[in-house]
Amino acid sequence: MSNWDDFAQLCKPCFSDCTFKDELISECGGKEDLAWVVYRHTQDTALEWMRKKVPALGNKTPRKCLGANLNQLKDVLLSFPC
């Protein structure tokens with residue numbers, strides 16, 4: 001998924017502003033690239049967003065999508081406007 005990798009790299013610099021990096025990476029299942037993108041789009045509400053039901057994910061929480069539905073989560077994040 002090179003689109004994802006490229007997009008994650010674009011989001012990475014913004015992650016330096018995150019004051020809860022370790023907690024967000026943990027909430028993202030240890031996936032740093034996912035944490036970069038989640039933070040870029042949701043900023044200080046990133047942890048809350050990972051735990052709430054998202055209609056675009058079939059009302060699942062992003063946290064529940066870390067396994068078999070990871071690509072669905074990445075597709076939703078890629079569709080967010082910058």
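Relative orientation of the His41 and Phe80 rings is perpendicular, given thresholds of 30° and 60° on the angle between their planes.
Sequence neighbours left out, the pairs with a member in residues 11-26 that pass salt bridge (Lys or Arg N to Asp or Glu O under 4.0 Å) are Glu23-Arg51.
Between Leu57 atom CG and Leu77 atom CG the span is 8.0 Å, to the nearest 0.5 Å. Atom OG in Ser26 sits 13.0 Å away from atom CZ in Phe20 (nearest 0.5 Å). To the nearest 0.5 Å, the span separating SG on Cys18 from CD1 on Ile25 amounts to 8.0 Å. The structure places NZ of Lys52 at 11.5 Å from CG of Asn59, a figure rounded to the nearest 0.5 Å.
Within the 4.5 Å cutoff, the side chain of Val37 has heavy atoms near those of the Trp4 side chain. The side-chain heavy atoms of Thr61 and Trp49, taken from C-beta on, include no pair separated by under 4.5 Å. Side-chain contact between Asn69 and Lys64 is absent, with no heavy atoms from C-beta onward closer than 4.5 Å.
Across every non-hydrogen atom of Ala46 and Val38, the tightest pair is CB-CG1, 3.9 Å. Among all heavy-atom pairs drawn from Leu24 and Ala35, the shortest one is CD2-O, 3.7 Å. Shortest non-hydrogen contact noted between Thr42 and Thr45 is O-OG1, 2.7 Å. Of all heavy-atom pairs between Ala56 and Gln72, the closest is O-NE2, 3.8 Å.
Linking Ile, Leu, Val, Met, Phe, Trp and Tyr residues whenever their side-chain heavy atoms come within less than 4.5 Å leaves Trp36 and Leu10 in two separate clusters.
Listed by chain and number, the residues in a side-chain contact (heavy atoms from CB on, under 4.5 Å) with Leu70 are Lys31, Leu34, Leu66, Leu73, Lys74 (sequence neighbours excluded).
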